[in-house]
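Working notes, structure below.
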Amino acid sequence: MMLWRQFSMEWRLYARDRVAMFWTMAFPVLLLLGFGTIFRDGGGPKLSVVRVQSAVQSPHDAALDQALTDLQLKVQTLTKAEAEARWSRGETAAQVEPDGEGYRLRLNSYLMAQAGATAGLVNQAWLMAQARMSGAPEPQRIPVQVESPGHKRSTNYASFLLPGLLGLNLVSMGLFSVGMVNVSYREKGKFRRLAVTPLPKWIFLLGQVLHRLTITVVQAAILILVGRLVFGIQNQGSFSHLLLIMTLGTGCFMAFGFALSGFAETSEGYAAISNLVFFPLMLLSGVYFTLDAAPAWLQHTVALLPLAPFLRALRAVFNDGAGLAGHGLGLAIVAAWGFAAFLLAVRRFRWS
């Protein structure tokens with residue numbers, strides 16, 4: 001009964017904090033809706049190219065334009081002045097312009113991710129146009145099939161993003177909801193006052209842990225429901241496996257919060273420490289994008305951090321219906337980080 005009252009009090013305090021409720025419940029949903037809508041037709045925006053008009057339209061121009069359209073490139077035809085003005089504003093990734101009897105392809109060095117992919121399609125379109133003009137057979141293209149690593153066909157970026165947001169929520173909950181609250185309680189003397197009350201300390205701590213666990217469950221349920229209703233995403237694997245992975249991640253990142261709170265005397269100090277951990281995990285662990293283009297040493301290093309293997313296992317189960325086989329090492333890394341953080345939290349924890 002005492003534990004239930006403590007648990008209920010934690011929820012009442014949380015419900016009064018509208019800002020905390022927005023960032024933990026509503027903000028992840030807005031991210032999913034925003035990015036999922038922007039990239040709904042695939043893993044990124046449709047590739048586009050600017051075509052500078054020739055002084056006199058030739059058959060080569062018409063053949064190239066048709067080939068670009070056939071390859072599903074978004075072609076924007078502009079005059080030379082309009083194209084240069086757009087280029088100077090940095091709005092063009094790739095631009096095809098007349099050059100003597102042929103063409104020149106100009107790529108924006110600031111937008112090479114899009115420009116590089118566009119360049120390959122433009123060159124392919126030019127080969128197709130030349131073949132059509134000469135009456136020769138067109139170059140044969142290799143058929144393309146879009147599917148996830150688990151061989152599920154899906155072109156929806158939201159299905160990649162949703163598990164990433166689930167993992168990011170756990171990190172946020174552990175570092176900010178757990179760690180920041182403990183530092184604030186210690187800073188304001190609430191722990192000292194707790195020591196002279198009849199409330200057992202284990203009841204207080206267990207109430208906090210159970211409260212955070214239920215928040216995690218509600219967060220995950222809301223995201224999965226929105227993903228199902230808006231983008232047609234659903235769990236392809238076992239809910240028991242999904243629950244096991246989520247529980248392991250919750251324990252790991254809650255331990256992170258308790259451990260880091262032992263190194264800060266004030267809330268301001270803890271904010272700096274937690275952000276030092278949060279942002280590298282968020283940016284490098286594959287929440288929003290993969291690191292396949294990063295140097296090999298960086299990819300190997302990130303694989304040893306707790307969030308990256310957690311997300312790989314979570315996506316394998318949620319998106320591909322996989323089991324836990326093949327993810328033993330990754331989940332062991334998550335468990336090892338959690339155990340190490342727990343030991344550090346026990347050693348550094350103090351009531352005042």
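The model shown is predicted, which means the values in this text are computed figures rather than measured ones. Hydrogens, waters and symmetry mates play no part in the numbers below; they use all other heavy atoms, side chains included. If you read the sequence from its start, that first residue is 1, and numbering goes on from there.
- For W23 and F176, the ring centers are positioned 6.0 Å apart or more.
- At most 12 heavy atoms of other shown residues, nucleotides or ligands fall within 6.0 angstrom of atom CH2 in W4.
- Within 6.0 Å of CZ in F342 there are 12 or fewer heavy atoms belonging to other residues, nucleotides or ligands.
- The minimum heavy-atom distance between G179 and Y270, with the atom names listed, is CA-OH, 3.2 Å.
- Around the CZ atom of F35, the shell of radius 6.0 Å holds no more than 12 heavy atoms that belong to other residues, nucleotides or ligands.
- More than 12 heavy atoms of other residues, nucleotides or ligands lie within 6.0 Å of CD in Q57, so this atom counts as buried by the packing criterion.
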> Is there a salt bridge (charged side-chain N to carboxylate O under 4.0 Å, His left out) between K80 and E97 once you walk through the steps?
Replying inline: CA-CA 8 Å; K80 184 176 181 179; E97 49 196 40; over 6 Å; no
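- Side-chain contact check for T79 and E82: at least one donor-acceptor pair (N or O, by modelled atom type) lies under 3.5 Å.
- When ring centroids are compared, F289 and F160 stay outside the 6.0 Å threshold.
- With rounding to the nearest 0.5 Å, the separation of OG1 in T290 from CZ in R312 is 11.5 Å.
- Side-chain polar atoms of S54 and D61 form a donor-acceptor pair below 3.5 angstrom.
- Summarising the geometry, atom CZ belonging to F253 is positioned 8.5 Å from atom CG belonging to L248; distances are rounded to the nearest 0.5 Å.
- For I245 against F310, the heavy-atom pair with the smallest separation is O-CE1, 3.1 Å.
- Between N319 and P163, the shortest heavy-atom contact is ND2-CG, 3.9 Å.
- Interatomic distance, CE of M246 versus CG of L314, reported as 6.5 Å (0.5 Å rounding).
- For the side chain to side chain donor-acceptor pair (under 3.5 Å) test, no residue two or more places apart in sequence or in another chain qualifies with Q219.
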> Can T266 and V183 be said to form a side-chain contact (heavy atoms from CB on, under 4.5 Å), step by step?
Replying inline: CA-CA 6 Å; T266 64; V183 173; 5.6 Å; no
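- With salt bridges taken as basic N to acidic carboxylate O contacts below 4.0 Å, one links D65 and R51.
- Shown here is R89, whose CZ atom has more than 12 heavy atoms of other residues, nucleotides or ligands within 6.0 Å.
- Closest of all the heavy-atom pairs between A322 and V317 is O-CG2, 3.5 Å.
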> How far apart are the C-alpha atoms of R186 and E265, what are their side-chain angles, what is the distance that settles it, and do they pass the salt bridge (charged side-chain N to carboxylate O under 4.0 Å, His left out) test?
Replying inline: CA-CA 8 Å; R186 187 168 57 241; E265 299 294 335; 5.5 Å; no
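- A donor and an acceptor atom, one from each side chain of T24 and Y14, are located under 3.5 Å apart.
- Atom NE2 of residue H211 and atom OG1 of residue T216 lie 9.5 Å apart, to the nearest 0.5 angstrom.
- A salt bridge links R106 with E84: the closest approach of a Lys/Arg side-chain nitrogen to an acidic carboxylate oxygen falls below 4.0 angstrom.
- Counted by atom type alone, S267 and E187 present one or more donor-acceptor pairs between their side chains at under 3.5 Å.
- Nearest approach of L304 to I333, heavy atoms of both residues: O-CG2, 3.5 Å.
- Rounding to the nearest 0.5 Å gives a distance of 7.0 Å between CG of L166 and CZ of F318.
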>> Evaluate R212 against S177 for side-chain hydrogen bond (donor to acceptor under 3.5 Å, both in side chains), listing each step before the verdict.
In response: CA-CA 8 Å; R212 270 48 173 203; S177 295; 5.1 Å; no
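- Listed here is the closest heavy atom pair of M128 and A67: CB-CB, 4.2 Å.
- The 12-atom threshold is exceeded at CZ of F22, counting heavy atoms of other residues, nucleotides or ligands nearer than 6.0 Å.
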